Amino acid sequence: MTVRTRYAPSPTGFLHIGGAWMAFFNWLFARSSHGAFVLRVEDTDRARSTLEYERAILEDFRWLGITWDEGPDVGGPHGPYRQTERMHSYRAAADELLARGAAYHCFCTAGELDAERRRAEAAKRPYRYSGRCRSLTADQRAAFQREGRRPTIRLRLHDHHETIVVDDLVRGRVEFDPEHLDDYIIVRSDGSPLYNFANVVDDHAMAITHVIRGIEHLSNTPKQWVMYRALGWTPPEVAHLANILGADKKKLSKRTGDTAVRDYRREGFLPEALLNFFALMAWYPEENRELYTVQELVERFRIKDLGKASPVFDLDKLTWMNGVYMRQFLDHSPDRVVEACLPSLGEAGLLDGTPTPAQREYIGRVVEVLGERIKVGRDIVTYGDFFFTEPVVLEPDAARRYLNSPEIAALLAALRDRVAAVPSLDPPAAESLVRGLAEEKGMSAREIVHPVRVALTGKTVGPGLFELMALLGPDRAARRLAAAADHARRGGSPAS
RNA sequence: GCCCCCAUCGUCUAGGCCGGCCCAGGACACCGGUCUUUCAAGCCGGUAACGCGGGUUCGAAUCCCGCUGGGGGCACCA
């Protein structure tokens, strides 16, 4: 049997970390068993669904490297892949259910049902549909029809008395007493299908064999199982995963951090790191190891080894992991690091639009100088903004501490003259200029390095001083040293 | 209210099916030290957990029961 999995996003927003995580395991399972991964768009909620969101979600998946074999854009043998385009099959399945007597028309209005529900709540009884429309006569139906009532369609669970067993691939056998289920609505009065119905019909039509989904669906599963049976279909294998929690142990929300995949992309996280991290939130392939390539994950994945508890999204660990990948890319494909830094540069106003080849080259050199300091793309701004600003912005504390005396001013001015006198600078040249000056003045390198660093970068922390001087070049370095000398001469107070 | 799921360091987890190798291992974070012009990275070291209560057993993180805590479901939402 060929494994076929799916992820079914609703295009009502950007791709959420939780959704991407769930999709990832479905994808991983399909790939590890040489099966197919299907993307199905659940857009029956027409008020909130848009094509823009659909496109954005697809783009985020593509960026992550989660590829689909069938979907709304590429089509496939079981299409179409948007629920709004599949209304005919829901209609057909509903008719089939009606014909078999496994479903019936319900003429109760929303208001009437609401009243029923409220009564149950007031009596502290669990609400179950009363079943008033379960066995209407033709006359009664006609009467309701004449009143102008438009019926919904309900699945008949009433006759089902056996225990419903869900064999969850990660949780094992879970039993449900059918007495707690009621005849639930599968088609609205306007003829559109509800989630539990469309989902079953589509999974069957698309020959889905395995579904990995959120635990919130575990309680829905028995309802779906009854429908599969009524239709004479075989349900897929299922595995339910607990949801990702935020640092506050509550459901991941904007309050505790970014929730959209796109936010992480913008901040300069790498898809490789994200995928590796995703895996670890529910599954450790081997003991004592946390770094895996996607290929290794695909080779090792076993659905049974998935964890049952709710993982907390640990941003610190993701950041560490991203740093590991950044350092690897620094060696063999530094362009990937540059790529990850671009959005942050744009957002910080340090880069306008798409970089020219020359700008890209320069950014590449900045990345090289910043080196392993860049754990996330945005670090290029926190550590290296001065490579892109003119004049440099002095951090007040740093200037007060290191650019505060006439002696410093003289020192910086002296270095400025030496820097201005050379045609070009490479790191060794920069080093000998600085160390040479220190020696002549009888100072330690340390004493001169700090003020110079602040003069050139505005900060007390950053990349190696000589590398940074070389990249800045004699002109810019000289200008900054002169400005800083002025600043120091005034005793560290800002220019008026 | 009813039903379902879950429970090892602050966090992610290994181990639990086949009880002794676990006075619980790794990683992130944190704290020291080292390297060093700063920061980061690296290296060395450290703090830190089996939710509670009963069983079963010579022996329980591991098996059983109860409790507590957390999460989810009970829609003409998905």
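Chain letters run A, B, ... following the sequence lines, proteins first and then strands; every chain starts at 1. This structure is a prediction, so every number in the text was calculated from the model and none was measured.
Looking at heavy-atom distances under 4.0 Å, A:Ala120 makes no contact with the nucleic acid at all. The residue A:Leu218 sits close only to the backbone: its heavy atoms come under 4.0 Å of sugar-phosphate atoms, none of a base. Residue A:Arg435 is in sugar-phosphate contact alone, with no base atom involved, counting any heavy-atom pair closer than 4.0 Å across all strands shown. As judged by a 4.0 angstrom heavy-atom cut-off over every strand, A:Ser444 is placed among residues making no nucleic acid contact. Among the heavy atoms of the strands lying under 4.0 Å from A:Asp314 is at least one base atom, whether or not backbone atoms are also near. Counting any heavy atom pair closer than 4.0 Å across all strands shown, A:Arg128 reaches no nucleic acid atom. Using a 4.0 Å heavy-atom criterion, one finds that A:His240 contacts no nucleic acid atom at all. Across all strands shown, A:Arg171 has heavy atoms under 4.0 Å from sugar-phosphate atoms exclusively, and none from any base. If you check every strand for non-hydrogen atoms under 4.0 Å, A:Phe466 touches a base. Counting any heavy atom pair closer than 4.0 Å across all strands shown, A:Thr152 reaches a base atom. A:Ala309 comes within contact range of the sugar-phosphate backbone alone, with a heavy-atom separation under 4.0 Å but no base atom that close. No engagement by A:Asp190 is indicated, since no non-hydrogen atom pair under 4.0 Å with the nucleic acid exists.
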Evaluate the criterion side-chain hydrogen bond (donor to acceptor under 3.5 Å, both in side chains) for residue pair A:Tyr104 and A:Asp183; output intermediate values, then yes/no.
CA-CA 9 Å; A:Tyr104 58 91; A:Asp183 295 354; 2.6 Å; yes
Any chance you could lay out the side-chain hydrogen bond (donor to acceptor under 3.5 Å, both in side chains) test for A:Arg6 and A:Asn199, step after step, and finish with the verdict?
CA-CA 11 Å; A:Arg6 50 79 168 172; A:Asn199 210 257; 3.1 Å; yes
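Listed nucleotides: B:C77, B:C28, B:U38. Nearest to the side chain of A:Arg453: B:U38. Across B:C12, B:C77, B:U37, the shortest atom-to-atom separation from the side chain of A:Lys317 is found for B:C12. Of the listed nucleotides (B:G26, B:C77, B:A29), B:G26 has the atom at the smallest distance from the side chain of A:Asn288. In the set B:U13, B:C76, B:C3, the nucleotide with an atom closest to the side chain of A:His180 is B:C3. In this structure, the nucleotide among B:G26, B:C76, B:G73 sitting nearest to the side chain of A:Ile185 is B:C76.
Spacing between B:G26 and B:G66 at atom C1', rounded to whole Å, works out to 34 Å. Comparing the same atom, C1', in B:A49 and in B:C28 gives a spacing of 16 Å after rounding to whole Å. With C1' as the reference atom, B:C43 and B:U56 are 49 Å apart, rounded to whole Å. Comparing the C1' positions of B:C63 and B:C18 gives a spacing of 12 Å, expressed to the nearest Å. For the C1' atom pair drawn from B:A24 and B:U8, the interatomic distance equals 8 Å after rounding to whole Å. When the P atom is used for both B:A61 and B:G55, the distance is 15 Å, rounded to whole Å. Using P as the reference atom, B:C12 and B:C58 are 37 Å apart when rounded to the nearest Å. When the P atom is used for both B:G51 and B:U57, the distance is 23 Å, rounded to whole Å.
Applying the Watson-Crick and G-U wobble criteria (two distances, each under 3.5 Å), B:C22 pairs with nothing in any strand. Nucleotide B:C30 forms a pair with B:G46, judged by Watson-Crick or G-U wobble geometry with both contacts under 3.5 Å. In this structure, B:G69 forms a base pair with B:C6, meeting either the Watson-Crick or the G-U wobble geometry with both donor-acceptor distances under 3.5 Å. Searching all strands for a Watson-Crick or G-U wobble partner of B:C39 with both distances below 3.5 Å returns nothing.
Residue side chain A:Ser219 does not reach the base of B:C3 through any donor-acceptor N/O pair under 3.5 Å, judged by distance alone. With hydrogens and angles left out, the side chain of A:Tyr127 and the base of B:C2 share no donor-acceptor pair within 3.5 Å. Contact of A:Arg446 with B:U37 (side chain to base): no donor-acceptor pair of N or O atoms is detected under 3.5 Å.
Sparse packing is recorded around CZ of A:Arg150, with 12 or fewer heavy atoms of other residues, nucleotides or ligands lying under 6.0 Å away.
Sequence order on RNA chain B of the closest nucleotides to A:Val449 and A:Arg289 puts A:Arg289 first from the 5' end.
Between the CZ atom of A:Arg118 and the C1' atom of B:A75 there is a distance of 13 Å, rounded to whole Å. Counting to the nearest Å, the P atom of B:A78 and the CE atom of A:Met22 are 18 Å from each other. If you measure from atom CG of A:Leu306 to atom C1' of B:A14, you get 16 Å, rounded to the nearest angstrom. B:C74 atom P lies 14 Å from atom CD1 of A:Ile215, rounded to whole Å. Distance CZ (A:Phe176) to P (B:G73): 13 Å, rounded to an integer number of Å.
A:Phe329 carries A:Arg336 over the face of its six-membered ring, with the cationic atom under 6.0 Å from the centre and within 45° of the normal. Note that A:Arg154 lies in the cation-pi zone of A:Tyr129, set by a 6.0 Å cut-off to the ring centre and a 45° limit from the axis.
You'll find the ring centres of A:Phe301 and A:Phe278 outside the 6.0 Å limit. Ring centroids of A:His210 and A:Phe25 are separated by 6.0 Å or more, keeping the two rings apart.
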Every protein N/O lying under 3.5 Å from an N/O of nucleotides 39-48 of chain B:
from	atom 1	to	atom 2	distance (Å)
B:C39	O2	A:Arg373	NH1	2.8
B:C39	O2	A:Gly462	O	3.4
B:C39	N3	A:Arg373	NH1	2.3
B:A40	O2'	A:Glu372	O	3.3
B:A40	N1	A:Glu372	OE2	3.1
B:A40	N3	A:Glu372	OE2	2.9
B:A41	OP1	A:Lys375	NZ	3.3
B:A41	O3'	A:Arg327	NH1	3.1
B:G42	OP1	A:Arg327	NH1	3.4

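A:Ser192 and A:Arg188 are linked by a side-chain donor-acceptor pair at a separation below 3.5 angstrom, with hydrogens and angles left out of the test.
The aromatic rings of A:Tyr402 and A:His450 lie parallel to each other, with less than 30° between the two planes, well short of the 60° mark. Relative orientation of the A:Phe107 and A:Phe144 rings is parallel, given thresholds of 30° and 60° on the angle between their planes.
Under 4.0 angstrom from either OP1 or OP2 of B:C76 there lies at least one side-chain N or O belonging to A:Arg117. Note on A:Lys249: a side-chain N or O is less than 4.0 Å away from OP1 or OP2 of B:U11. Between A:Thr44 and B:A78, a side-chain N or O to OP1/OP2 separation shorter than 4.0 Å is present. For A:Arg46 and B:C77, the shortest distance from a side-chain N or O to OP1 or OP2 is not below 4.0 Å.
With sequence neighbours left out, A:Arg86 forms a salt bridge (charged side-chain N to carboxylate O under 4.0 Å, His left out) with A:Asp202.
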